[in-house]
Q: 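First, the structure itself, so that you have it in front of you.
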Amino acid sequence: MIEVMFFGQLTDATGVSSVMVEEVGNTDMLIQMMKQRYPALESSTYMIAINNAMVTENSIVTPGSKVAFMPPFSGG
Amino acid sequence: MIEVMFFGQLTDATGVSSVMVEEVGNTDMLIQMMKQRYPALESSTYMIAINNAMVTENSIVTPGSKVAFMPPFSGG
Amino acid sequence: MEAKKIRNIFTAGPVEAAFIADSIAKHSTKTSIGGHSIFLGQVRADLMDGKQVEAIEYTSHVDMALEVMATIREDIFTRYALTCMHVHHSLGVVKAGEICLFVFTSSKHRKVAIDACSECVERIKAELPVWGKEIFEGEGYQWKINQ
Amino acid sequence: MEAKKIRNIFTAGPVEAAFIADSIAKHSTKTSIGGHSIFLGQVRADLMDGKQVEAIEYTSHVDMALEVMATIREDIFTRYALTCMHVHHSLGVVKAGEICLFVFTSSKHRKVAIDACSECVERIKAELPVWGKEIFEGEGYQWKINQ
(Lines give C-alpha, C1' and ligand atoms only; values in the text may rest on other atoms or scores of the structure.)
Protein backbone atom coordinates (compact mmCIF):
# COMPACT_ATOMS: atom_id res chain seq x y z
CA MET A 1 0.00 0.00 0.00
CA ILE A 2 0.99 3.59 -0.57
CA GLU A 3 -0.26 6.51 1.50
CA VAL A 4 -1.07 9.55 -0.60
CA MET A 5 -1.40 12.81 1.35
CA PHE A 6 -2.86 16.14 0.26
CA PHE A 7 -2.10 19.47 1.90
CA GLY A 8 -3.32 23.05 1.94
CA GLN A 9 -5.68 24.08 -0.86
CA LEU A 10 -5.34 20.63 -2.46
CA THR A 11 -7.65 19.30 0.24
CA ASP A 12 -10.30 21.62 -1.23
CA ALA A 13 -9.75 19.86 -4.57
CA THR A 14 -9.78 16.31 -3.18
CA GLY A 15 -12.00 16.61 -0.13
CA VAL A 16 -9.63 14.26 1.72
CA SER A 17 -6.28 14.73 3.43
CA SER A 18 -5.00 11.23 2.77
CA VAL A 19 -5.91 8.12 0.84
CA MET A 20 -4.39 4.62 0.57
CA VAL A 21 -3.74 3.21 -2.89
CA GLU A 22 -2.54 -0.16 -4.12
CA GLU A 23 0.80 -0.46 -5.79
CA VAL A 24 1.60 2.16 -8.42
CA GLY A 25 4.74 2.19 -10.54
CA ASN A 26 5.86 5.77 -10.42
CA THR A 27 4.80 9.31 -9.61
CA ASP A 28 3.55 10.08 -13.13
CA MET A 29 1.22 7.09 -12.90
CA LEU A 30 0.11 8.13 -9.43
CA ILE A 31 -0.60 11.69 -10.59
CA GLN A 32 -2.74 10.34 -13.47
CA MET A 33 -4.61 8.09 -11.04
CA MET A 34 -5.27 10.96 -8.63
CA LYS A 35 -6.41 13.31 -11.39
CA GLN A 36 -8.95 10.74 -12.51
CA ARG A 37 -10.19 10.33 -8.99
CA TYR A 38 -10.15 14.07 -8.14
CA PRO A 39 -10.63 16.04 -11.39
CA ALA A 40 -10.16 19.39 -9.60
CA LEU A 41 -6.47 18.46 -9.21
CA GLU A 42 -6.09 19.10 -12.94
CA SER A 43 -6.07 22.85 -12.40
CA SER A 44 -3.99 22.75 -9.19
CA THR A 45 -0.32 23.56 -8.66
CA TYR A 46 1.62 21.12 -6.52
CA MET A 47 4.97 19.56 -5.75
CA ILE A 48 5.53 15.92 -4.86
CA ALA A 49 7.54 14.47 -1.98
CA ILE A 50 8.19 10.77 -1.40
CA ASN A 51 8.98 9.88 2.20
CA ASN A 52 9.66 13.55 3.03
CA ALA A 53 12.07 14.13 0.13
CA MET A 54 11.03 16.38 -2.74
CA VAL A 55 11.10 14.78 -6.20
CA THR A 56 11.18 16.90 -9.32
CA GLU A 57 11.10 14.21 -11.98
CA ASN A 58 9.09 11.05 -12.48
CA SER A 59 10.17 8.72 -9.67
CA ILE A 60 9.61 5.13 -8.67
CA VAL A 61 7.12 4.69 -5.84
CA THR A 62 8.00 1.64 -3.78
CA PRO A 63 5.34 -0.12 -1.70
CA GLY A 64 5.02 1.34 1.79
CA SER A 65 5.97 4.83 0.61
CA LYS A 66 4.23 8.00 1.69
CA VAL A 67 3.65 10.38 -1.17
CA ALA A 68 2.73 14.00 -0.44
CA PHE A 69 0.97 16.34 -2.87
CA MET A 70 1.84 19.83 -1.70
CA PRO A 71 0.74 23.25 -3.00
CA PRO A 72 3.16 26.23 -2.75
CA PHE A 73 4.23 26.73 0.86
CA SER A 74 2.81 29.64 2.83
CA GLY A 75 4.19 29.32 6.32
CA GLY A 76 5.38 32.14 8.53
CA MET B 1 30.96 81.39 30.71
CA ILE B 2 31.38 78.23 28.69
CA GLU B 3 30.78 74.71 30.00
CA VAL B 4 33.38 72.24 28.79
CA MET B 5 32.43 68.57 29.20
CA PHE B 6 34.58 65.45 28.97
CA PHE B 7 33.28 61.95 28.30
CA GLY B 8 34.45 58.33 28.38
CA GLN B 9 38.19 57.77 28.59
CA LEU B 10 38.81 61.52 28.40
CA THR B 11 37.71 61.76 32.02
CA ASP B 12 40.73 59.55 32.83
CA ALA B 13 42.91 62.18 31.14
CA THR B 14 41.28 65.19 32.79
CA GLY B 15 40.07 63.82 36.11
CA VAL B 16 36.90 65.89 35.73
CA SER B 17 33.71 65.48 33.74
CA SER B 18 33.06 69.17 33.30
CA VAL B 19 34.71 72.52 33.87
CA MET B 20 33.58 76.15 33.41
CA VAL B 21 35.85 78.51 31.48
CA GLU B 22 35.72 82.24 30.74
CA GLU B 23 35.18 83.42 27.23
CA VAL B 24 37.24 81.70 24.53
CA GLY B 25 37.20 82.69 20.87
CA ASN B 26 36.99 79.38 19.07
CA THR B 27 37.41 75.63 19.43
CA ASP B 28 41.11 75.65 18.44
CA MET B 29 41.81 78.12 21.25
CA LEU B 30 39.72 76.05 23.66
CA ILE B 31 41.57 72.86 22.72
CA GLN B 32 44.91 74.59 23.36
CA MET B 33 43.66 75.83 26.71
CA MET B 34 42.46 72.37 27.74
CA LYS B 35 45.70 70.69 26.64
CA GLN B 36 47.66 73.08 28.81
CA ARG B 37 45.41 72.38 31.75
CA TYR B 38 45.24 68.58 31.16
CA PRO B 39 48.44 67.50 29.38
CA ALA B 40 47.19 63.88 29.03
CA LEU B 41 44.67 65.19 26.45
CA GLU B 42 47.62 65.61 24.07
CA SER B 43 47.68 61.88 23.35
CA SER B 44 43.89 61.44 23.31
CA THR B 45 41.51 61.07 20.36
CA TYR B 46 38.34 63.10 20.50
CA MET B 47 35.62 64.87 18.58
CA ILE B 48 34.05 68.19 19.53
CA ALA B 49 30.38 69.12 19.75
CA ILE B 50 29.03 72.58 20.49
CA ASN B 51 25.51 72.59 21.92
CA ASN B 52 24.96 68.96 20.82
CA ALA B 53 26.08 69.54 17.22
CA MET B 54 29.32 67.99 16.00
CA VAL B 55 31.89 70.41 14.61
CA THR B 56 34.70 69.21 12.38
CA GLU B 57 36.54 72.50 11.77
CA ASN B 58 37.64 75.35 13.98
CA SER B 59 34.39 76.99 15.15
CA ILE B 60 33.40 80.09 17.07
CA VAL B 61 32.42 79.43 20.68
CA THR B 62 29.79 81.92 21.82
CA PRO B 63 29.33 82.69 25.53
CA GLY B 64 26.86 80.31 27.19
CA SER B 65 27.79 77.43 24.87
CA LYS B 66 28.32 73.87 26.04
CA VAL B 67 31.34 72.27 24.43
CA ALA B 68 31.76 68.49 24.58
CA PHE B 69 35.06 66.62 24.16
CA MET B 70 34.10 63.10 23.12
CA PRO B 71 36.25 60.02 22.46
CA PRO B 72 35.10 57.45 19.85
CA PHE B 73 31.62 56.17 20.69
CA SER B 74 31.22 52.69 22.11
CA GLY B 75 27.54 52.26 22.86
CA GLY B 76 25.45 49.16 22.29
CA MET C 1 27.52 10.68 8.52
CA GLU C 2 25.79 11.55 11.74
CA ALA C 3 22.02 11.64 11.59
CA LYS C 4 20.55 15.12 11.82
CA LYS C 5 18.87 15.78 15.11
CA ILE C 6 15.15 16.29 14.64
CA ARG C 7 13.74 18.94 16.99
CA ASN C 8 10.16 20.00 17.29
CA ILE C 9 9.49 23.55 16.12
CA PHE C 10 5.69 23.47 16.18
CA THR C 11 3.52 24.92 18.85
CA ALA C 12 -0.28 24.74 19.09
CA GLY C 13 -1.77 28.21 18.61
CA PRO C 14 0.10 31.52 18.91
CA VAL C 15 3.59 32.06 20.30
CA GLU C 16 3.07 34.00 23.52
CA ALA C 17 5.16 37.03 24.53
CA ALA C 18 5.88 35.38 27.89
CA PHE C 19 7.40 32.40 26.08
CA ILE C 20 9.63 34.77 24.09
CA ALA C 21 10.70 36.53 27.29
CA ASP C 22 11.52 33.21 28.90
CA SER C 23 13.56 32.20 25.88
CA ILE C 24 15.53 35.48 26.02
CA ALA C 25 16.11 35.22 29.78
CA LYS C 26 17.54 31.70 29.42
CA HIS C 27 20.44 33.13 27.42
CA SER C 28 21.80 35.25 30.26
CA THR C 29 24.06 32.37 31.33
CA LYS C 30 25.65 32.25 27.87
CA THR C 31 28.10 35.08 28.39
CA SER C 32 29.93 34.63 25.10
CA ILE C 33 26.86 36.03 23.32
CA GLY C 34 27.11 39.66 22.22
CA GLY C 35 24.02 39.96 20.05
CA HIS C 36 20.63 38.35 19.60
CA SER C 37 18.48 38.75 16.53
CA ILE C 38 14.78 37.94 16.72
CA PHE C 39 12.18 37.82 14.01
CA LEU C 40 8.50 37.60 14.88
CA GLY C 41 5.80 36.97 12.30
CA GLN C 42 2.46 38.45 13.27
CA VAL C 43 -0.89 37.67 11.64
CA ARG C 44 -2.24 40.70 9.76
CA ALA C 45 -5.91 41.66 9.59
CA ASP C 46 -5.67 42.22 5.83
CA LEU C 47 -8.69 43.35 3.85
CA MET C 48 -9.45 41.37 0.67
CA ASP C 49 -12.44 42.45 -1.41
CA GLY C 50 -14.03 43.94 1.66
CA LYS C 51 -13.44 40.89 3.84
CA GLN C 52 -11.09 41.10 6.79
CA VAL C 53 -8.72 38.34 7.86
CA GLU C 54 -9.63 37.33 11.39
CA ALA C 55 -7.11 34.50 11.83
CA ILE C 56 -4.80 32.15 9.98
CA GLU C 57 -5.08 28.42 10.48
CA TYR C 58 -1.74 26.72 9.91
CA THR C 59 -1.26 23.13 8.85
CA SER C 60 1.93 21.31 7.94
CA HIS C 61 3.41 18.12 6.59
CA VAL C 62 4.95 17.88 10.03
CA ASP C 63 7.45 15.01 9.64
CA MET C 64 8.83 16.52 6.49
CA ALA C 65 8.88 20.05 7.89
CA LEU C 66 10.98 18.91 10.86
CA GLU C 67 13.43 17.15 8.56
CA VAL C 68 13.68 20.20 6.31
CA MET C 69 14.18 22.43 9.35
CA ALA C 70 16.97 20.16 10.62
CA THR C 71 18.71 20.55 7.26
CA ILE C 72 18.29 24.34 7.26
CA ARG C 73 19.58 24.45 10.82
CA GLU C 74 22.64 22.36 10.01
CA ASP C 75 23.38 24.46 6.96
CA ILE C 76 23.08 27.76 8.85
CA PHE C 77 25.31 26.50 11.68
CA THR C 78 27.91 25.49 9.10
CA ARG C 79 27.98 28.94 7.55
CA TYR C 80 27.44 31.24 10.53
CA ALA C 81 29.30 31.30 13.85
CA LEU C 82 26.15 31.05 15.94
CA THR C 83 25.98 30.25 19.63
CA CYS C 84 22.41 29.07 19.25
CA MET C 85 19.28 29.21 17.12
CA HIS C 86 15.67 28.61 18.08
CA VAL C 87 12.65 28.36 15.80
CA HIS C 88 8.99 28.15 16.78
CA HIS C 89 6.12 28.04 14.30
CA SER C 90 2.44 27.90 15.12
CA LEU C 91 0.03 25.19 14.02
CA GLY C 92 -3.72 25.64 14.22
CA VAL C 93 -5.50 28.93 14.62
CA VAL C 94 -3.58 32.17 15.23
CA LYS C 95 -5.69 35.33 15.45
CA ALA C 96 -4.81 38.65 13.82
CA GLY C 97 -2.32 40.46 16.05
CA GLU C 98 -0.90 37.22 17.45
CA ILE C 99 2.57 35.82 16.78
CA CYS C 100 2.86 32.81 14.44
CA LEU C 101 6.64 32.61 13.94
CA PHE C 102 9.56 33.16 16.33
CA VAL C 103 13.13 32.87 15.03
CA PHE C 104 15.91 33.61 17.51
CA THR C 105 19.64 33.57 16.71
CA SER C 106 22.54 34.47 18.99
CA SER C 107 26.21 35.02 18.30
CA LYS C 108 29.31 36.68 19.65
CA HIS C 109 28.93 39.34 16.96
CA ARG C 110 25.77 41.15 15.95
CA LYS C 111 26.15 40.90 12.19
CA VAL C 112 26.36 37.11 12.30
CA ALA C 113 23.21 36.87 14.43
CA ILE C 114 21.30 39.32 12.20
CA ASP C 115 22.30 37.70 8.90
CA ALA C 116 21.62 34.16 10.13
CA CYS C 117 18.20 35.16 11.48
CA SER C 118 17.23 36.84 8.25
CA GLU C 119 18.35 33.86 6.16
CA CYS C 120 16.55 31.45 8.43
CA VAL C 121 13.28 33.36 8.08
CA GLU C 122 13.56 33.41 4.28
CA ARG C 123 14.27 29.70 4.16
CA ILE C 124 11.39 28.86 6.51
CA LYS C 125 9.01 30.77 4.23
CA ALA C 126 10.40 29.16 1.08
CA GLU C 127 11.21 25.62 2.15
CA LEU C 128 8.99 24.49 5.01
CA PRO C 129 5.88 22.55 4.02
CA VAL C 130 3.46 24.72 5.98
CA TRP C 131 0.22 26.26 4.75
CA GLY C 132 -1.83 29.15 6.03
CA LYS C 133 -5.58 29.35 5.57
CA GLU C 134 -6.74 32.95 5.97
CA ILE C 135 -10.09 32.88 7.71
CA PHE C 136 -12.34 35.87 7.12
CA GLU C 137 -14.52 37.55 9.67
CA GLY C 138 -18.05 36.28 9.29
CA GLU C 139 -17.47 33.47 6.83
CA GLY C 140 -15.19 32.29 4.06
CA TYR C 141 -11.45 31.83 3.74
CA GLN C 142 -8.65 31.92 1.22
CA TRP C 143 -5.30 30.20 1.11
CA LYS C 144 -2.35 32.41 1.99
CA ILE C 145 0.24 33.12 -0.70
CA ASN C 146 3.79 33.91 0.38
CA GLN C 147 5.51 36.80 -1.37
CA MET D 1 10.19 72.81 9.82
CA GLU D 2 8.62 70.88 12.63
CA ALA D 3 10.83 70.30 15.63
CA LYS D 4 11.93 66.70 16.03
CA LYS D 5 10.24 64.96 18.90
CA ILE D 6 12.77 64.07 21.58
CA ARG D 7 12.00 60.72 23.24
CA ASN D 8 13.92 59.13 26.04
CA ILE D 9 15.75 55.95 25.05
CA PHE D 10 17.81 55.48 28.21
CA THR D 11 17.05 53.07 30.99
CA ALA D 12 18.99 52.65 34.26
CA GLY D 13 20.69 49.25 34.32
CA PRO D 14 19.84 46.28 32.10
CA VAL D 15 16.84 45.90 29.82
CA GLU D 16 14.76 43.13 31.40
CA ALA D 17 13.19 40.26 29.43
CA ALA D 18 9.82 41.06 31.00
CA PHE D 19 10.03 44.59 29.59
CA ILE D 20 10.73 43.16 26.13
CA ALA D 21 7.75 40.80 26.45
CA ASP D 22 5.53 43.67 27.48
CA SER D 23 6.71 45.70 24.51
CA ILE D 24 5.97 42.80 22.13
CA ALA D 25 2.53 42.16 23.66
CA LYS D 26 1.54 45.82 23.21
CA HIS D 27 1.74 45.37 19.45
CA SER D 28 -1.04 42.80 19.25
CA THR D 29 -3.57 45.58 18.71
CA LYS D 30 -1.67 46.84 15.66
CA THR D 31 -3.05 44.34 13.18
CA SER D 32 -1.47 45.89 10.11
CA ILE D 33 1.91 44.57 11.33
CA GLY D 34 3.18 41.43 9.62
CA GLY D 35 6.72 41.28 10.96
CA HIS D 36 8.77 42.46 13.92
CA SER D 37 12.55 42.57 13.97
CA ILE D 38 14.33 42.78 17.30
CA PHE D 39 17.99 43.24 18.08
CA LEU D 40 19.31 42.70 21.59
CA GLY D 41 22.83 43.62 22.61
CA GLN D 42 24.12 41.46 25.47
CA VAL D 43 27.22 42.16 27.56
CA ARG D 44 29.94 39.58 26.90
CA ALA D 45 32.26 38.19 29.57
CA ASP D 46 35.28 38.69 27.30
CA LEU D 47 38.75 37.70 28.45
CA MET D 48 41.48 40.33 27.97
CA ASP D 49 45.00 39.43 29.06
CA GLY D 50 43.60 36.95 31.55
CA LYS D 51 41.06 39.38 32.98
CA GLN D 52 37.38 38.74 32.53
CA VAL D 53 34.79 41.42 31.84
CA GLU D 54 32.26 41.33 34.66
CA ALA D 55 30.10 44.27 33.58
CA ILE D 56 29.99 47.33 31.36
CA GLU D 57 29.21 50.74 32.79
CA TYR D 58 27.56 52.97 30.22
CA THR D 59 27.66 56.75 30.22
CA SER D 60 26.36 59.18 27.61
CA HIS D 61 26.20 62.78 26.56
CA VAL D 62 22.47 62.32 27.12
CA ASP D 63 21.00 65.52 25.63
CA MET D 64 23.02 65.11 22.51
CA ALA D 65 22.33 61.36 22.24
CA LEU D 66 18.58 61.97 22.35
CA GLU D 67 18.85 64.59 19.62
CA VAL D 68 20.97 62.30 17.46
CA MET D 69 18.51 59.45 18.05
CA ALA D 70 15.60 61.68 17.01
CA THR D 71 17.44 62.43 13.75
CA ILE D 72 18.19 58.75 13.11
CA ARG D 73 14.57 57.90 13.87
CA GLU D 74 13.24 60.53 11.50
CA ASP D 75 15.60 59.42 8.77
CA ILE D 76 14.69 55.74 9.14
CA PHE D 77 10.97 56.52 9.10
CA THR D 78 11.48 58.52 5.90
CA ARG D 79 13.17 55.63 4.15
CA TYR D 80 11.36 52.57 5.54
CA ALA D 81 7.61 51.93 5.69
CA LEU D 82 7.62 51.17 9.41
CA THR D 83 4.60 50.94 11.66
CA CYS D 84 6.74 51.68 14.69
CA MET D 85 10.25 51.65 16.11
CA HIS D 86 11.40 51.48 19.73
CA VAL D 87 14.92 51.88 21.08
CA HIS D 88 16.14 51.31 24.63
CA HIS D 89 19.77 51.65 25.71
CA SER D 90 21.14 51.07 29.18
CA LEU D 91 23.00 53.60 31.27
CA GLY D 92 25.00 52.61 34.34
CA VAL D 93 26.14 49.09 35.15
CA VAL D 94 25.01 46.11 33.05
CA LYS D 95 26.46 42.74 34.06
CA ALA D 96 27.75 40.11 31.64
CA GLY D 97 24.79 38.16 30.27
CA GLU D 98 22.41 41.08 30.68
CA ILE D 99 20.80 43.08 27.85
CA CYS D 100 22.14 46.60 27.20
CA LEU D 101 20.41 47.46 23.90
CA PHE D 102 16.91 46.71 22.62
CA VAL D 103 15.94 47.83 19.12
CA PHE D 104 12.46 46.87 17.91
CA THR D 105 11.01 47.64 14.47
CA SER D 106 7.65 46.60 13.05
CA SER D 107 6.25 46.77 9.55
CA LYS D 108 3.64 45.28 7.28
CA HIS D 109 6.42 43.37 5.52
CA ARG D 110 9.27 41.46 7.11
CA LYS D 111 12.09 42.74 4.93
CA VAL D 112 11.33 46.36 5.79
CA ALA D 113 11.34 45.58 9.52
CA ILE D 114 14.57 43.56 9.30
CA ASP D 115 16.48 46.10 7.21
CA ALA D 116 15.35 49.06 9.31
CA CYS D 117 16.31 47.28 12.54
CA SER D 118 19.74 46.39 11.24
CA GLU D 119 20.40 49.94 10.01
CA CYS D 120 19.20 51.41 13.29
CA VAL D 121 21.59 49.20 15.28
CA GLU D 122 24.55 50.19 13.09
CA ARG D 123 23.72 53.88 13.41
CA ILE D 124 23.30 53.66 17.19
CA LYS D 125 26.76 52.10 17.46
CA ALA D 126 28.34 54.65 15.13
CA GLU D 127 26.53 57.88 15.94
CA LEU D 128 25.25 57.90 19.52
CA PRO D 129 27.54 59.57 22.06
CA VAL D 130 27.58 56.64 24.47
CA TRP D 131 30.62 55.06 26.08
CA GLY D 132 31.13 51.66 27.67
CA LYS D 133 33.63 51.05 30.46
CA GLU D 134 34.46 47.35 30.66
CA ILE D 135 34.89 46.49 34.31
CA PHE D 136 37.07 43.48 35.07
CA GLU D 137 36.42 40.89 37.71
CA GLY D 138 38.55 41.71 40.75
CA GLU D 139 39.81 45.12 39.73
CA GLY D 140 40.66 47.28 36.76
CA TYR D 141 38.77 48.34 33.67
CA GLN D 142 39.25 49.31 30.06
CA TRP D 143 37.23 51.45 27.70
CA LYS D 144 35.19 49.51 25.18
CA ILE D 145 36.03 49.93 21.49
CA ASN D 146 33.29 49.38 18.92
CA GLN D 147 34.16 47.31 15.87
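Since the structure is predicted, the reported quantities are computational estimates derived from the model, not experimental observations. Below, chain A is the first sequence line, B the second, and so on; all start at residue 1.
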Q: C:Ala126 versus chain A, heavy atoms under 4.5 Å apart: side chain, backbone, both or neither?
A: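 Backbone of C:Ala126 only, per the 4.5 Å heavy-atom cut-off to chain A.
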Q: Between C:Glu127 and chain A, with a heavy-atom cut-off of 4.5 Å, which part of the residue counts as in contact: side chain, backbone, both or neither?
A: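 It is the backbone, since no side chain atom gets that close.
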Q: What part of A:Met5 gets within 4.5 angstrom of chain C, counting heavy atoms only: side chain, backbone, both, or neither?
A: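 When you check distances to chain C, only side chain atoms of A:Met5 fall under 4.5 Å.
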Q: Answer with side chain, backbone, both or neither: which region of C:Ile124 has an atom nearer than 4.5 Å to a non-hydrogen atom of chain A?
A: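 For C:Ile124, neither part sits under 4.5 Å from chain A.
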Q: Is it true that a side-chain atom of C:Trp131 and a backbone atom of A:Pro72 form a donor plus acceptor pair closer than 3.5 Å?
A: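 Present.
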Q: Heavy-atom cut-off 4.5 Å, strictly under: side chain, backbone, both or neither for C:Phe39 against chain A?
A: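 Contact with chain A: none, neither part.
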Q: Given a strict heavy-atom distance threshold of 4.5 Å, which part of C:Ser90 is in contact with chain A: side chain, backbone, both, or neither?
A: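 When you check distances to chain A, no heavy atom of C:Ser90 falls under 4.5 Å.
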Q: Should we count CD1 of A:Ile60 as having more than 12 external heavy atoms under 6.0 Å?
A: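 No.
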Q: Measuring heavy-atom distances to chain A, does C:Lys144 have an atom under 4.5 Å in its side chain, in its backbone, in both, or in neither?
A: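 Both backbone and side chain.
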Q: What option among C:Val130, C:Asp63, C:Leu66 has the most heavy-atom pairs under 4.5 Å with chain A?
A: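 Heavy-atom pair counts peak at C:Val130.
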Q: Between the side chain of C:Tyr58 and the main-chain N/O of A:Ser74, is any donor-acceptor distance below 3.5 Å?
A: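 No: the side chain of C:Tyr58 does not pair with the backbone of A:Ser74.
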Q: Is there side-chain contact between C:His61 and A:Asn52, with heavy atoms separated by less than 4.5 Å?
A: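 Yes, close enough: below the 4.5 Å cut-off.
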Q: Heavy atoms only: give me the nearest A:Ala49-C:Met64 pair and the separation to one decimal.
A: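 What the structure gives for the nearest pair is CB-SD, 3.6 Å.
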Q: Near C:Leu47 CG, under 6.0 Å, is it more than 12 heavy atoms from other residues, nucleotides or ligands?
A: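 Enclosed.
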Q: Within the supplied structure, the quantity of interest is the number of heavy atoms (other residues, nucleotides, ligands) at a distance under 6.0 Å from C:Lys95 NZ; does it exceed 12?
A: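 No, not enclosed.
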Q: Got a sec, which residues hit ring pair (Phe, Tyr, Trp, His ring centres under 6.0 Å) with C:His36, two or more places apart in sequence or on another chain?
A: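 Once residues adjacent in sequence are excluded, the partners of C:His36 under the ring pair (Phe, Tyr, Trp, His ring centres under 6.0 Å) criterion are C:His27, C:Phe104.
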Q: How would you list, in number order, the residues of residues 7-39 of chain A that have a heavy atom less than 4.5 Å from chain C?
A: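 Only A:Phe7, A:Gly8, A:Gln9, A:Thr11, A:Asp12 of residues 7-39 of chain A have a heavy atom under 4.5 Å from chain C.
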